[in-house]
Number of protein chains: 2
Amino acid sequence: MTARERLVRIGEVAREAGVSVRAVRYYEQQGLLTAERSPSGQRLYRQDAVTLVRFFQQMYAAGLTSQRIAQLLPCWSSGHTDAEQRAMLRAERDRIQAKVDDLQAALDRLDEVIAITDAHP
Amino acid sequence: MTARERLVRIGEVAREAGVSVRAVRYYEQQGLLTAERSPSGQRLYRQDAVTLVRFFQQMYAAGLTSQRIAQLLPCWSSGHTDAEQRAMLRAERDRIQAKVDDLQAALDRLDEVIAITDAHP
DNA sequence: CTAGAACCTGACGCTGACGTCAGAGGCAAG
DNA sequence: CTTGCCTCTGACGTCAGCGTCAGGTTCTAG
């Protein structure tokens with residue numbers, strides 16, 4: 001027998017995840033998120049949708065595209081990967097690491113300027 | 001007497017800075033870069049234009065807009081700032097720092113998945 | 001002198017994650 | 001019943017840093 005989960009509507013998902021309703025619909029359109037439908041056609045999400053949406057936001061912030069996230073979602077949910085997915089995971093990781101280094105360099109640059117300009121009032 | 005500097009054309013600036021010619025023109029349009037003009041109208045840059053362009057790229061990579069860079073350029077070149085500029089500098093610094101933290105979190109997340117999927121062949 | 005590379009000024013196109021508007025239906029409260 | 005909020009499906013708008021094409025001039029090598 002299937003466990004009776006509490007289903008929530010799109011507004012609640014959006015609010016709890018801190019994104020817009022439009023964004024949540026967009027994730028569905030990109031194949032990242034699926035929802036049951038009420039008889040009247042309203043989307044009904046399981047609780048973990050909120051967690052998923054937060055995860056998407058984190059990946060977007062890290063520079064991944066919807067397509068990449070969609071391709072890597074199985075790794076996340078099933079814990080299993082093929083060679084191509086492992087390669088993508090590593091590529092994204094390296095890209096993010098490089099970006100962190102770039103940002104750190106820019107940060108150091110700004111801190112330099114801040115230090116200098118703080119010394120000259 | 002003004003020192004006779006070696007002036008370079010836009011193609012050389014772009015090549016040495018690793019960006020497109022279009023990008024260099026764009027920077028001028030955004031008020032980031034100025035150039036003398038040859039009698040025939042070609043842009044002539046001083047050597048340090050290359051350094052500047054690289055700096056712009058670094059700031060762009062850090063998420064600053066053209067407008068922000070333009071507003072902060074005086075700080076960089078003259079070493080002098082007003083209160084507003086100092087506030088902007090700090091705001092950008094904090095934003096970048098936050099972004100670094102976000103990226104680091106995403107990185108840890110991916111590394112987790114990589115570790116797990118490497119264990120399950 | 002001539003071919004080709006490099007340069008010029010517009011001006012439209014692109015990308016990706018949404019914002020926003022229009023028009024219509026759904027749902028609990030008073 | 002109706003008021004008001006939530007939701008639906010399209011579909012066009014946005015923004016920023018360029019890419020790209022058109023149509024023309026200019027510089028440079030041979």
Side-chain angles (χ1 to χ4, degrees), chain A residues 6-45 49-50 52-73 92 95-96 99 102 106, chain B residues 6-45 49-50 52-73 92 95-96 99 102 106:
Chain A
R6 183 173 117 75
L7 298 176
V8 297
R9 292 191 300 173
I10 195 168
E12 191 172 337
V13 172
R15 205 173 336 110
E16 290 191 25
V19 303
S20 69
V21 167
R22 176 69 173 92
V24 179
R25 290 203 194 98
Y26 177 75
Y27 302 155
E28 175 173 326
Q29 192 181 335
Q30 297 302 303
L32 299 180
L33 202 56
T34 58
E36 297 177 39
R37 294 297 183 123
S38 79
S40 65
Q42 297 198 345
R43 293 172 178 82
L44 295 178
Y45 296 91
V50 175
L52 264 176
V53 169
R54 291 208 180 107
F55 175 66
F56 298 155
Q57 284 290 112
Q58 189 175 29
M59 292 301 112
Y60 282 134
L64 277 77
T65 63
S66 298
Q67 189 185 17
R68 267 288 178 271
I69 301 176
Q71 290 169 332
L72 296 179
L73 255 189
E92 293 298 340
R95 200 186 45 70
I96 297 174
K99 203 165 175 178
D102 287 353
Chain B
R6 182 173 117 76
L7 298 177
V8 297
R9 293 189 301 172
I10 196 170
E12 190 172 338
V13 172
R15 203 173 337 110
E16 289 191 25
V19 303
S20 69
V21 167
R22 176 68 174 93
V24 178
R25 290 204 194 98
Y26 177 74
Y27 302 154
E28 176 173 325
Q29 191 182 334
Q30 298 302 303
L32 300 180
L33 202 56
T34 57
E36 297 177 39
R37 296 296 184 124
S38 77
S40 64
Q42 299 200 345
R43 293 172 178 82
L44 295 177
Y45 297 91
V50 174
L52 265 176
V53 169
R54 291 208 179 107
F55 175 66
F56 298 155
Q57 285 291 111
Q58 188 174 29
M59 293 300 112
Y60 282 134
L64 278 77
T65 63
S66 297
Q67 189 186 17
R68 264 292 176 270
I69 300 176
Q71 289 169 332
L72 295 178
L73 255 189
E92 293 298 340
R95 199 185 46 69
I96 296 173
K99 203 165 176 179
D102 286 353

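Labels below follow one simple rule: chain letters A, B, ... track the order of the sequence lines, proteins then strands, and each chain is numbered from 1. Note that this is a predicted model, so its numbers are computed, not measured.
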* Do A/S66 and A/Y60 meet the criterion of a side-chain donor-acceptor pair at a distance under 3.5 Å? -> yes
* Any side-chain donor near an acceptor of the partner, A/Q71 and A/R68, under 3.5 Å -> yes
* Structure fact -> Its contact letters, B for base, S for sugar-phosphate only and - for none at protein heavy atoms under 4.0 Å, make nucleotides 22-30 of chain D read ----SS---
* Structure fact -> Going 5' to 3' through nucleotides 15-21 of chain D and flagging B where a protein heavy-atom sits under 4.0 Å of the base, S where only the sugar-phosphate is that close, and - otherwise, we get --BBBB-
Partners meeting salt bridge (charged side-chain N to carboxylate O under 4.0 Å, His left out) with [X] (sequence neighbours left out):
X     : value
B/E28 : B/R37, B/R43
B/R95 : B/E92
B/R22 : none

* Result of checking A/V13, A/L32, A/V24, A/L33 against A/L52 for side-chain contact (heavy atoms from CB on, under 4.5 Å) -> A/L33
* **Of A/V8, A/V53, A/V50, the residue whose pairing with A/E16 passes side-chain contact (heavy atoms from CB on, under 4.5 Å)** => A/V50
Rounded interatomic separation in angstrom, taking [atom1] from [X] and [atom2] from [N]:
X     : N      : atom1 : atom2 : answer
A/L7  : D/dT7  : CG    : C1'   : 16 Å
A/E36 : D/dC8  : CD    : P     : 14 Å
A/L44 : C/dC27 : CG    : C1'   : 13 Å
A/R25 : D/dA11 : CZ    : P     : 15 Å
A/I69 : C/dC18 : CD1   : C1'   : 13 Å
A/Y45 : D/dC6  : OH    : P     : 16 Å
B/Q29 : C/dC8  : CD    : P     : 13 Å

* Measure the angle between the two terminal helix axes of the helix from C/dC1-D/dG30 to C/dG30-D/dC1, five base pairs each, and quote it to 10°. => 10°
* Would you indicate what B/R37 reaches in the nucleic acid, counting non-hydrogen atoms under 4.0 angstrom: base, sugar-phosphate, or nothing? => sugar-phosphate
* **Interatomic spacing from CE in B/M59 to CG in B/L73 - rounded to 0.5 Å** => 10.0 Å
* Between A/F56 and A/Y26, does the ring centre distance come in under 6.0 Å? -> no
* To do: Compare side-chain N and O positions of A/R43 against OP1 and OP2 of D/dC8 and report whether any pair is under 4.0 Å apart.
  => yes
* Would you check, one step at a time, whether the test side chain to side chain contact (heavy atoms under 4.5 Å, CB included) holds for A/D102 with B/Q58? => CA-CA 7 Å; A/D102 287 353; B/Q58 188 174 29; over 6 Å; no
* **Greater than 12 external heavy atoms within 6.0 Å of A/E12's CD** => yes
